[in-house]
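A quick write-up on the structure given underneath.
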Amino acid sequence: GAGVSQSPRYKVAKRGQDVALRCDPISGHVSLFWYQQALGQGPEFLTYFQNEAQLDKSGLPSDRFFAERPEGSVSTLKIQRTQQEDSAVYLCASSPKPGNWAGANVLTFGAGSRLTVL
Amino acid sequence: SQQGEEDPQALSIQEGENATMNCSYKTSINNLQWYRQNSGRGLVHLILIRSNEREKHSGRLRVTLDTSKKSSSLLITASRAADTASYFCATDGANAGGTSYGKLTFGQGTILTVHP
(Lines give C-alpha, C1' and ligand atoms only; values in the text may rest on other atoms or scores of the structure.)
Protein backbone atom coordinates (compact mmCIF):
# COMPACT_ATOMS: atom_id res chain seq x y z
CA GLY A 1 0.00 0.00 0.00
CA ALA A 2 0.86 3.66 -0.12
CA GLY A 3 1.53 3.92 3.59
CA VAL A 4 1.50 2.04 6.86
CA SER A 5 -2.03 1.07 7.78
CA GLN A 6 -3.15 0.30 11.32
CA SER A 7 -6.44 -1.07 12.59
CA PRO A 8 -8.51 -0.49 14.53
CA ARG A 9 -7.90 3.24 14.88
CA TYR A 10 -9.75 3.26 18.19
CA LYS A 11 -10.36 0.43 20.61
CA VAL A 12 -12.13 0.54 23.95
CA ALA A 13 -11.63 -2.52 26.12
CA LYS A 14 -12.80 -3.48 29.55
CA ARG A 15 -10.09 -4.30 32.01
CA GLY A 16 -9.15 -7.94 31.64
CA GLN A 17 -10.11 -8.25 27.98
CA ASP A 18 -7.65 -9.31 25.29
CA VAL A 19 -7.02 -7.00 22.34
CA ALA A 20 -5.28 -7.42 19.00
CA LEU A 21 -3.89 -4.52 17.00
CA ARG A 22 -2.96 -4.95 13.36
CA CYS A 23 -0.29 -3.30 11.26
CA ASP A 24 0.04 -3.45 7.48
CA PRO A 25 3.48 -2.08 6.62
CA ILE A 26 4.52 -0.69 3.28
CA SER A 27 4.89 -3.58 0.86
CA GLY A 28 8.42 -4.92 0.76
CA HIS A 29 9.58 -3.16 3.91
CA VAL A 30 11.99 -5.38 5.78
CA SER A 31 11.91 -3.74 9.21
CA LEU A 32 8.83 -3.28 11.35
CA PHE A 33 8.68 -1.56 14.72
CA TRP A 34 6.00 -1.19 17.38
CA TYR A 35 5.99 1.81 19.69
CA GLN A 36 3.76 2.79 22.61
CA GLN A 37 2.92 6.46 23.09
CA ALA A 38 1.31 7.57 26.33
CA LEU A 39 -0.60 10.84 26.41
CA GLY A 40 1.77 13.80 26.25
CA GLN A 41 4.86 11.63 25.87
CA GLY A 42 7.16 10.59 23.07
CA PRO A 43 6.87 7.11 21.56
CA GLU A 44 8.61 4.31 23.47
CA PHE A 45 10.04 1.29 21.69
CA LEU A 46 8.27 -2.02 22.19
CA THR A 47 9.61 -4.51 19.65
CA TYR A 48 11.35 -4.91 16.29
CA PHE A 49 11.01 -7.40 13.44
CA GLN A 50 13.33 -8.01 10.55
CA ASN A 51 11.12 -9.84 8.08
CA GLU A 52 9.44 -12.56 10.21
CA ALA A 53 12.14 -12.66 12.88
CA GLN A 54 11.52 -10.79 16.10
CA LEU A 55 15.03 -9.55 16.83
CA ASP A 56 14.31 -7.30 19.77
CA LYS A 57 11.43 -7.44 22.23
CA SER A 58 13.18 -5.67 25.04
CA GLY A 59 10.58 -2.91 25.22
CA LEU A 60 7.55 -5.10 25.82
CA PRO A 61 6.39 -4.07 29.31
CA SER A 62 5.19 -7.46 30.47
CA ASP A 63 4.49 -11.00 29.32
CA ARG A 64 0.92 -9.88 28.61
CA PHE A 65 2.27 -8.24 25.46
CA PHE A 66 2.98 -10.42 22.44
CA ALA A 67 3.80 -9.51 18.85
CA GLU A 68 4.11 -11.56 15.70
CA ARG A 69 4.84 -11.15 12.02
CA PRO A 70 4.52 -14.72 10.74
CA GLU A 71 4.96 -14.08 7.01
CA GLY A 72 7.19 -11.07 7.20
CA SER A 73 4.51 -8.58 6.22
CA VAL A 74 1.44 -7.95 8.41
CA SER A 75 2.11 -7.76 12.14
CA THR A 76 -0.19 -8.14 15.11
CA LEU A 77 0.38 -6.78 18.60
CA LYS A 78 -1.66 -8.67 21.17
CA ILE A 79 -2.28 -7.55 24.71
CA GLN A 80 -3.77 -10.07 27.09
CA ARG A 81 -5.75 -9.24 30.22
CA THR A 82 -5.60 -5.50 29.53
CA GLN A 83 -4.95 -3.12 32.41
CA GLN A 84 -5.69 0.59 32.67
CA GLU A 85 -2.00 1.42 32.35
CA ASP A 86 -2.06 -0.15 28.88
CA SER A 87 -4.14 2.81 27.65
CA ALA A 88 -2.02 4.51 25.01
CA VAL A 89 -1.58 4.97 21.29
CA TYR A 90 0.21 2.04 19.69
CA LEU A 91 2.25 3.09 16.68
CA CYS A 92 3.60 0.82 14.00
CA ALA A 93 6.45 1.90 11.72
CA SER A 94 8.27 0.24 8.86
CA SER A 95 11.48 0.76 6.97
CA PRO A 96 12.83 -0.70 3.73
CA LYS A 97 16.22 -1.44 5.29
CA PRO A 98 17.30 -4.04 7.83
CA GLY A 99 18.21 -2.81 11.26
CA ASN A 100 21.91 -3.40 10.86
CA TRP A 101 22.25 -1.51 7.59
CA ALA A 102 25.30 0.70 7.33
CA GLY A 103 23.18 3.68 6.45
CA ALA A 104 20.40 5.31 8.40
CA ASN A 105 16.91 4.02 8.94
CA VAL A 106 14.07 6.44 8.34
CA LEU A 107 10.77 5.13 9.63
CA THR A 108 7.34 5.56 8.09
CA PHE A 109 4.69 5.54 10.78
CA GLY A 110 1.08 4.55 10.70
CA ALA A 111 -1.61 6.74 12.26
CA GLY A 112 -1.71 4.53 15.34
CA SER A 113 -4.28 2.56 17.28
CA ARG A 114 -5.62 4.37 20.32
CA LEU A 115 -6.42 1.89 23.09
CA THR A 116 -8.54 2.93 26.05
CA VAL A 117 -8.93 0.43 28.88
CA LEU A 118 -11.83 1.10 31.22
CA SER B 1 12.94 4.96 28.79
CA GLN B 2 13.28 8.16 26.83
CA GLN B 3 16.70 8.98 25.52
CA GLY B 4 16.35 12.67 25.00
CA GLU B 5 15.26 15.74 26.77
CA GLU B 6 13.63 18.41 24.66
CA ASP B 7 13.08 22.02 25.44
CA PRO B 8 11.01 23.94 25.53
CA GLN B 9 8.11 21.60 26.27
CA ALA B 10 5.80 24.11 24.62
CA LEU B 11 6.43 27.05 22.31
CA SER B 12 3.90 29.63 21.16
CA ILE B 13 4.80 32.09 18.40
CA GLN B 14 3.26 34.29 15.75
CA GLU B 15 3.20 33.42 12.07
CA GLY B 16 6.38 34.59 10.35
CA GLU B 17 8.56 34.19 13.44
CA ASN B 18 11.26 31.56 13.76
CA ALA B 19 10.89 28.58 16.08
CA THR B 20 13.85 26.86 17.74
CA MET B 21 13.61 23.55 19.56
CA ASN B 22 16.45 21.83 21.38
CA CYS B 23 17.18 18.20 22.09
CA SER B 24 19.79 16.57 24.33
CA TYR B 25 20.65 12.89 24.43
CA LYS B 26 22.82 10.55 26.44
CA THR B 27 24.49 7.84 24.38
CA SER B 28 26.53 7.54 21.18
CA ILE B 29 24.51 7.87 18.03
CA ASN B 30 24.71 6.91 14.38
CA ASN B 31 22.26 9.66 13.44
CA LEU B 32 19.61 11.94 14.90
CA GLN B 33 16.24 12.54 13.29
CA TRP B 34 13.40 14.98 13.77
CA TYR B 35 9.78 13.97 13.38
CA ARG B 36 6.56 15.91 13.43
CA GLN B 37 3.21 14.72 14.78
CA ASN B 38 -0.09 16.42 14.18
CA SER B 39 -2.76 15.84 16.80
CA GLY B 40 -4.16 12.32 16.58
CA ARG B 41 -1.87 11.31 13.75
CA GLY B 42 1.29 9.31 13.26
CA LEU B 43 4.79 10.73 13.09
CA VAL B 44 6.22 12.14 9.87
CA HIS B 45 9.94 12.23 9.23
CA LEU B 46 11.33 15.73 8.69
CA ILE B 47 15.10 15.61 8.54
CA LEU B 48 18.06 13.41 9.46
CA ILE B 49 21.57 14.42 10.46
CA ARG B 50 24.41 11.94 10.73
CA SER B 51 26.87 11.87 13.60
CA ASN B 52 29.67 13.22 11.39
CA GLU B 53 27.60 16.19 10.23
CA ARG B 54 27.22 19.49 12.04
CA GLU B 55 24.45 21.23 10.16
CA LYS B 56 21.82 20.36 7.60
CA HIS B 57 19.11 22.28 5.76
CA SER B 58 15.86 21.23 4.16
CA GLY B 59 13.55 23.98 2.96
CA ARG B 60 12.61 26.08 5.99
CA LEU B 61 14.24 23.58 8.35
CA ARG B 62 17.74 23.83 9.73
CA VAL B 63 19.12 21.24 12.11
CA THR B 64 22.41 21.36 13.98
CA LEU B 65 24.22 18.62 15.85
CA ASP B 66 26.93 18.94 18.50
CA THR B 67 28.09 15.46 19.40
CA SER B 68 30.53 16.78 22.02
CA LYS B 69 27.59 18.26 23.92
CA LYS B 70 25.19 15.53 22.83
CA SER B 71 22.69 18.08 21.67
CA SER B 72 20.76 19.11 18.58
CA SER B 73 18.51 21.97 17.60
CA LEU B 74 15.78 22.33 15.01
CA LEU B 75 15.05 25.75 13.58
CA ILE B 76 11.90 26.40 11.58
CA THR B 77 12.13 29.72 9.77
CA ALA B 78 9.20 31.92 8.74
CA SER B 79 6.71 29.73 10.58
CA ARG B 80 3.18 29.17 9.35
CA ALA B 81 -0.02 28.25 11.18
CA ALA B 82 0.22 24.85 9.43
CA ASP B 83 3.48 24.18 11.32
CA THR B 84 1.46 23.80 14.53
CA ALA B 85 2.27 20.28 15.76
CA SER B 86 4.43 18.33 18.19
CA TYR B 87 8.06 17.91 17.21
CA PHE B 88 10.20 15.00 18.40
CA CYS B 89 13.89 14.32 18.15
CA ALA B 90 14.87 10.68 17.84
CA THR B 91 18.29 9.15 18.19
CA ASP B 92 19.45 6.11 16.28
CA GLY B 93 22.03 4.41 18.44
CA ALA B 94 25.20 3.06 16.96
CA ASN B 95 26.06 -0.62 17.07
CA ALA B 96 29.52 -1.70 18.15
CA GLY B 97 30.53 -1.44 14.52
CA GLY B 98 29.07 2.03 14.28
CA THR B 99 26.21 1.01 12.03
CA SER B 100 22.65 2.05 12.59
CA TYR B 101 20.41 -0.29 14.50
CA GLY B 102 17.33 1.52 13.31
CA LYS B 103 15.78 1.45 16.77
CA LEU B 104 14.87 5.06 17.33
CA THR B 105 14.66 6.45 20.84
CA PHE B 106 12.42 9.50 21.09
CA GLY B 107 12.43 12.55 23.29
CA GLN B 108 9.39 13.94 25.08
CA GLY B 109 8.63 16.39 22.31
CA THR B 110 8.00 20.12 21.93
CA ILE B 111 4.46 21.33 21.28
CA LEU B 112 4.64 24.19 18.79
CA THR B 113 1.70 26.52 18.33
CA VAL B 114 1.87 29.09 15.53
CA HIS B 115 -0.78 31.79 15.74
CA PRO B 116 -2.03 33.29 12.46
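A note on names: the letters A, B, ... follow the listed sequences, proteins ahead of strands, and every chain is numbered from 1.
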Most heavy-atom pairs under 4.5 Å with chain B, out of A:Val106, A:Val4, A:Val89, belong to A:Val106
For chain B, which residues of residues 108-118 of chain A have heavy atoms nearer than 4.5 angstrom: A:Phe109, A:Gly110, A:Ala111
Under 4.5 Å to a heavy atom of chain A? For B:Leu48 that would be side chain
Please classify the contact between A:Ser58 and chain B as side chain, backbone, both or neither, with a heavy-atom cut-off of under 4.5 Å. side chain
Does B:Lys103 make a cation-pi contact with A:Phe45 (under 6.0 Å, within 45 degrees of the axis)? yes
Part of A:Gln37 lying under 4.5 Å from any heavy atom of chain B: side chain
Around atom CZ of A:Arg9, are there more than 12 heavy atoms from other residues, nucleotides or ligands closer than 6.0 Å? yes
More than 12 non-hydrogen atoms from neighbouring residues, nucleotides or ligands closer than 6.0 Å to CD1 on B:Ile111, yes or no? no
Contacts of type ring-ring contact (aromatic ring centres under 6.0 Å, His included), residue B:His45, not counting sequence neighbours: B:Tyr35
With distance as the sole criterion, is a donor-acceptor pair present between the side chains of B:Gln9 and B:Thr110 under 3.5 Å? no
Salt bridge (Lys or Arg N to Asp or Glu O under 4.0 Å) filter on B:Arg62, not counting sequence neighbours, yields B:Glu55
Pairs flagged by disulfide bond (SG atoms under 2.5 Å apart) wherever residues 39-77 of chain B is involved - sequence neighbours left out: none
State, yes or no, whether a side-chain contact exists between B:Met21 and B:Trp34 at a heavy-atom distance under 4.5 Å. yes
